[in-house]
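First the structure, in the form of structure tokens, and then the observations on it.
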Amino acid sequence: MDSPTQNTSLRRLQNVEKRIVRVLELAGGVMDELANPTGPRKEFINNHCREFMKMIKDIQVTLRDEIKSACEYRPFEKCDYSSRISNEICCKKLEYVLFQLDAMKQTIDEYQATV
């Protein structure tokens, strides 16, 4: 049976997943607006970019907390090797997601600097 800590962590990660979907929707909305034949609406783009950046920051904070928590939590200390390796792989996957989000943030920052 799952512990309350694991359930809470899973809920937080599910919320992150929903926020990532929303971030992608925002990015798609900005792309659609930029392709608008009558020209992009500045206020629309500014609002979407502002919400995008806030959500990216929230996602990064949550993922960092979850990575830290997962790396501190060692349920497989006295168990078999494959369970410990599986836990380490999960940590690496989360670190990779953070890396990708940091790269997205940098791209957005560079875009905003040119606008």
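The first residue of the sequence shown is numbered 1, and numbering continues consecutively from there.
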- Query: Hey, does E43 have a side-chain heavy atom less than 4.5 Å from the side chain of N47?
  - Reply: yes
- Query: Tell me the side-chain hydrogen bond (donor to acceptor under 3.5 Å, both in side chains) pairs involving residues 24-39, sequence neighbours left out?
  - Reply: E33-R41, N36-T38
- For the side chain to side chain contact (heavy atoms under 4.5 Å, CB included) test, which of L94, V21, I59 pairs with V16? I59
- Query: Between N15 and R12, do the side chains contain an N or O donor and an N or O acceptor separated by less than 3.5 Å?
  - Reply: no
- Task: Can you sort out the partners of K93 under side-chain contact (heavy atoms from CB on, under 4.5 Å), two or more places apart, ordered by chain and number?
- Result: I89
- Can you pull the ring-ring contact (aromatic ring centres under 6.0 Å, His included) pairs that have at least one residue in residues 29-61, sequence neighbours excluded? F44-H48
- Query: Which value, rounded to the nearest 0.5 Å, describes the distance between L26 atom CG and K54 atom NZ?
  - Reply: 11.5 Å
- Output the distance between atom CD (Q14) and atom NZ (K18), rounded to the nearest 0.5 Å. 6.5 Å
- With rounding to the nearest 0.5 Å, note down the distance linking CD in Q100 to NZ in K105. 15.5 Å
- Query: Does one hydrophobic cluster hold both V61 and M104, with members joined at side-chain heavy-atom distances below 4.5 Å?
  - Reply: no
- d(M55 CE, L101 CG) to nearest 0.5 Å is 11.5 Å
- SG-CD distance between C91 and E66, expressed to the nearest 0.5 angstrom: 10.5 Å
- Message: Between E95 and K92 (salt bridge meaning N to carboxylate O under 4.0 Å), is one present in this structure?
- Response: yes
- Quick one: are L13 and L63 in side-chain contact, heavy atoms under 4.5 Å? yes
